[in-house]
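In what follows, a single structure is set out as C-alpha cells and then discussed.
Chain identifiers are assigned alphabetically (A, B, ...) following the order of the sequence lines, protein sequences preceding nucleic acid strands; residue numbering begins at 1 within each chain.
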Amino acid sequence: MRRARAFLLRLRNSLRGHDTGEQEMRNELENHLDLYVADKVGSGIPIDEARRQAFIELGGLESAKDAMRDRRGLPFLDTLARDVRYAARTLRRSPAFTLAAVATLALGIGANTAVFTVIEAVVLRPLPYADSDGLVWIHDGVTQSDRTGWPAAMVDYLLWKQRAKSFEKLAAFAANRFSLTGDGEPEQLPGAAVSADFFSMLGVRPLVGRTFAPDEDQPGHTPTALISERLWERRYNRSPNVLGKSIVLNGRPATVIGVLPAGFHFRVREADIWSILMLEPPTRRGPFFIHGVAKLRPGVTLEQANREMDALGREVESKDPKKLDRLRYPTRPLLDELTAEVKPLLRVIAATVAVVLLIAVFNVANLMLSRAASRRREIAIRLSIGASRSQLVRQMVTESVVLSSAAGLGGLIIAQLALTALRAFAPPGLPRLEEISIDTGVLLFTAGVSLLSGILFGLAPVFAVGGPAVATALKSGERGSGGPPASQRFRNALVVAEISLSVVLLIGAGLLIRSFNLLGRVQPGFDAAPERLLITQVAPSGTKYREPQQVNAFWDDLTERVRQTPGVEAAAIAISVPPDRTAFRDEFEIPGRTPPEGGPPVPVPFVSREYFQTFGIPVLRGRTFDSRDTTDSPRVTVISHAMARRYFGNEDPVGKRLKHGGRGVNNALMEIIGVVGDVRYLGLAGDVHPVYYELSAQVPVRTMWLVVRTRGEAMKMLSSVREQIRAIDPNVPAANASSMALAMHNAVDLPRFRSSLMAFFAIIALALAIIGVYGVIAYSVLQRRKEIGIRMALGATKTSVARMVVGHGSRLAVAGVLLGLVGALAAARMLKSMLYGVTETDAATFGGVAVLLTSAALLASYIPARRACKLDPLTVLREE
Amino acid sequence: MPEKTDVWQGTLALMILNSLQALGPQHGYGIARRIEQTSGGLLVVNYGTLYPALIKLEQEDYIRSEWGTSENNRKAKFYRITPAGKKHLAKETRAWEQTTEIMSRFLSPAKDLS
C-alpha cells in the first residue's frame, strides 16, 4: 500500500516537471553543506580545508541532486520523455522519410486493424443473445446431397419438440419475405416466421408492446407479429397505435403486438417483420423450410445432444429407409453455423494483411538502415560524449516507436474508413455485419501491432550487423567499399523476403481472379439475353385472392397485359428463377420401380406456360406446358436433363410418372410430358441439380416472379410493367425488380468480393516490394560510386556497368521469385474451397506471376542502372 | 580504527526514523550528525544517500516535512516522524533484534547450549 502511494507520488512528480523541486533540492543540500562546514570551522579547521573535507565526505553536489531527482520522480519516464522529444525533433528534420515511413506503415496497420475488427466482431465475440454459448442450430442432414444445412420440415420440428430431451428450450425459425398489405402502400419486406418461445429463449425484450405468449403458435389463435424499430419509424411514425393494429401478411391477417429494438438482429439482414409461425399439423413430409434454434440444457454437451438427435433421425429413417437414407438432425453451435462459411475467407484475408504489414515493415527497416548510415556523424559525436551502446539502441527504437505510433493513429483512421465502406457494400456472405465496430479490444490490438512493428524495424540496424558491432558500424559508416558487407547482405535479404511474400499474395489473387472469371462464364442454361430479361417479385394478397381460381386469374390477366405492352416480347411467371433465386424445394418419388426410387429435395419451379419460351430454355424431348394443361386437366411435369439422365438413364422419360413430395397421402402423381435443358437455380458453382417443373396454374401460389423478355434494355420497361400491375390491383406490391444480367452479376458477388480484395492487397504488396528493390539497388549504386568510377576510369564500358547493376537486381528477383513460388505451393492450400475451375497449383498462374515480378524488378533496377552509367569518373573520384 | 563505511540503504531508513523519534523534528544535517554520533563515528552519511532516503520515507508517509529556519538562519526543511512511522520503526526494530539474537548464537564461540 505504501509502495503504491510512493509510486503514485513519483508518477505525479515526473509528469509535473521538476522546476520547483530543483530549487528546494538545491536549498537543502547547500544548507547541509553550510552547516557541515560551519561545524568543522567551529572545531578549528580552516574554512578551505573544511570545504575540501566536505566534498570528500559528503560527495558531489550534482550527483546528490541526481540521486534525489531519481528518487523524487520516475527516471524511467523522464528518460522516455526525453527520448521521445528527441525522436520527434529528428523525424521532423527529414520530412520525406517520415512521411514515407508513416504512410507505408499506416496502410499496413490500418488493413490489419480493419480485418481484426471484422474477425473479432464476427467470429470471436459471443453472439448478442442471452447465454449465447448454449445456443445451437438444428437442421435436416440428408447426406445424399452435397450440402448439409438443409432446412427441415414441420414434421421434424414437432418431433424434436416432443421427444428431444437435450434442450431446455427449442424454437423454430424460418426466414421469409412478407408482403405487407391492408394498411396503405403495399410493401415487400424481409423477415422471418418464428415459434412462440423464440424471443424468450434469446432473451430479447421488445421496445414497446410484448413478444409472443407461450401458446400463440398453436392452431386456433389469430396470428401475431412484431415489427422492427426501423419499420415502426418509417411506416408508422413511431405511433403507439401500431400495437393491436391489424395488418395482412402474405394474404393472412395478423395483429401487431410489439416492436423490436433496432439493435436486434438474427440471421436476416434488416428484417422488418417477425411473424408467429403457426404449428399446423402437417399433411405430408415436406415442405422444407424450418430450422431449429435451441438452448442446451445445463450439463448437456453438444456431443450428447447430437447423439440424441442422431438417434431420432435414425428412428425416422427406419420408417422409410430408401428415401430417408442417412437422415440425421445435425446440431451445431449457433456461432459456428453462422461463421463456418466465412471463416476460410477471413483466415486468408488475415494472413494476407499480415503479410502486407510485414512487407511494409521490411521496407521501412531498409529506410531506417539508409538513414542510420547517413547519421553517422551524429552518432559518433554522441558516442564520444559518453553515450552507451544500449542508449543509442534505445534512442533508435524510441524513434521507430514514435514513427509507428503515428502510423498506428493513421491506421485507425484508415481502418474506420475501410469499415464504413464495408458496411455500405455489405457483402452477402458476411454474418453479423451490424456488430462490426471498433472497440477497446481493437484499439489495444492496434497499439500492440504498432508497438511491435516499431520495435522490429527499430532493431533493424542491430539485426543487420549484430549487437555489439552496432555502434562501430554506425560510426564508421558505409562509404567506399559499399559498406560493411553484413549490412548490405541484410538489406538484400529483406528485399528478397519482400519479393517472395508478394509472389505468394499475387498468386493467391491470380487464382481467385481466374476462379471468378471462370465462374462468371458459367452458362445458367437459357438462351435469352440476360440484359433483356426483367424480373420482379409480385405478391397479390388479401381477401381478393383467397381462392385458387382468383389467383390464377390474376396471373393470367397480368401476363396477358404485360405481353400486350409495347416493347415486350414475352412474359411468364415462376416461383423460382435462375441463377440462384430458389423459393421452394421438395422431394419426389418415381413410382413403379422396385425398390421405389426417390430423391432428396430439389428445386421445383412452378412456372407458367410461356416460361421456357421466355427464357429460351431448349426443349430436348416431348413438350412443355401448353393450353392442354389447365387446372382441371391431369397434373403434368417437365423434368430437367440432369434428372432424366440420373433417374431414367437411356430410357425415354416422357409418359412416365413422377410423384411430387415423396411419400404421402395427398401427393399428386404427375405425368412427365417433356425434358428441357439444365438451368441453374442454386447458384453458378457446383454441379447442376436435377429439377422438375410444375405448371403454376395447377399449383397456384401468391408470390411469384414476373419474368419479362424485352426488346430493348430490361430495366427501361420497369415502370410500364408496374403500371400494368397497378391497373389490375393497386394493392399488389412489386419488389426486387432487376434485370437477369444484374441477378447473374449478384450471384457471383462473393467471389468477386474475394478476388477484388486479394487483388487489392496483392497489388499493394507488389508496389511495396518494387519500391524496396528500387531502394536497395539505388542505394547500392550510391555507395559504390567510387568503385564504379574506378572501373570506368580503368576502361569499363557503360554497358558493363549497367549490366552489373541490373545483375544485382535480377539476382534479388530470381531468389525472391523462387522462394515465393515454393511458399505459394504451401500457402495456396488455404484457398482450396474458394477456387473454381483451377487447381491450387495452377501452372499458368504461377508462371504468370513469376514473369510479372521478375520484369517489374528488372524495371526497378533499370533506373539506377542508367544513373550509374551516367557517372563521370573524374567527378566521382574527386569527391571526398 | 576501523574503516568508515557507507551506510546501507535499508538500514538508513530505520536510523533516520530512530533519530527523529529521539530528537524530534530535525533537518537533514541534524539527522546525519546524530547517525554519525550514534554509530560512534564508524558510519559516514553521504548526503547523496541521505536525502533520497528522506524523500522515500516521506513518499511512504513515515515522515512529514515542513519548512523552518535552521541554526544558521537559513530556510531549511525539517522532518518529523509520523505515527505510522513510529509503528513501522517499532516493528522493524523487533525484527532486527530477533535477527541479531539468532545470528549471535551462530557466530559467537560455542557455548553450553543447555
Side-chain angles (χ1 to χ4, degrees), chain A residues 1-16 18 20-43 47 50-75 77-78, chain B residues 3-7 9 12-13 16-17 26-37 41-79 82-85 87-89 91-92:
Chain A
M1 207 48 237
R2 303 210 168 261
R3 268 211 288 265
R5 182 180 191 272
F7 177 80
L8 288 171
L9 280 171
R10 291 174 78 182
L11 182 65
R12 186 199 66 182
N13 287 335
S14 176
L15 294 173
R16 202 197 266 168
H18 292 294
T20 43
E22 292 290 311
Q23 188 63 23
E24 284 186 8
M25 285 196 297
R26 193 142 34 107
N27 276 347
E28 258 200 293
L29 291 173
E30 283 179 358
N31 203 32
H32 188 121
L33 184 62
D34 278 354
L35 288 170
Y36 181 92
V37 168
D39 268 0
K40 289 274 182 196
V41 166
S43 62
I47 189 160
R51 281 245 162 80
R52 194 182 71 87
Q53 282 188 10
F55 277 121
I56 294 172
E57 292 201 357
L58 294 178
L61 199 74
E62 281 308 320
S63 66
K65 270 207 267 180
D66 281 344
M68 288 175 78
R69 211 175 291 125
D70 280 353
R71 175 53 68 176
R72 270 180 54 98
L74 285 171
L77 271 188
D78 293 338
Chain B
E3 294 273 342
K4 290 191 184 180
T5 51
D6 284 327
V7 176
Q9 265 284 343
L12 179 57
I16 293 173
L17 288 176
Q26 188 54 257
H27 54 53
Y29 182 69
I31 298 173
R33 268 273 79 90
R34 154 88 183 182
I35 291 175
E36 284 170 357
Q37 279 165 7
L42 290 173
L43 290 178
V44 160
V45 181
N46 180 325
Y47 62 11
T49 47
L50 173 70
Y51 285 98
L54 283 169
I55 292 175
K56 181 162 191 259
L57 282 171
E58 189 170 6
Q59 285 173 342
E60 290 170 339
D61 204 32
Y62 290 140
I63 62 178
R64 293 250 171 88
S65 71
E66 55 189 11
W67 286 93
T69 326
S70 65
E71 320 60 288
N72 59 351
N73 267 329
R74 288 183 67 142
K75 222 165 75 124
K77 221 184 208 184
F78 282 80
Y79 297 91
T82 64
K87 259 194 282 198
H88 180 75
L89 176 63
K91 189 174 105 196
E92 292 297 308

ring-ring contact (aromatic ring centres under 6.0 Å, His included) with B:Tyr79: which residues, sequence neighbours excluded? none
Of all residues at least two apart in sequence or in a different chain, which pass the salt bridge (charged side-chain N to carboxylate O under 4.0 Å, His left out) check with B:Arg64? B:Asp61
Over all atoms of both residues, closest heavy-atom pair of B:Gln59 and A:Arg10: NE2-CG, 3.2 Å
For A:Met68 against B:Ile55, the heavy-atom pair lying closest together: O-CD1, 3.7 Å
Only one of A:Arg71, A:His32, A:Met25 passes side-chain contact (heavy atoms from CB on, under 4.5 Å) with B:Tyr51, and that residue is A:His32
Among A:Leu9, A:Asp39, A:Asn31, residue most engaged with chain B (heavy-atom pairs, under 4.5 Å): A:Asn31
Count the heavy-atom pairs under 4.5 Å between each of A:Leu29, A:Asp66, A:Asn27 and chain B, then report the option with the highest count. A:Leu29
Close side-chain approach of A:Leu35 to B:Arg33, heavy-atom, < 4.5 Å: no
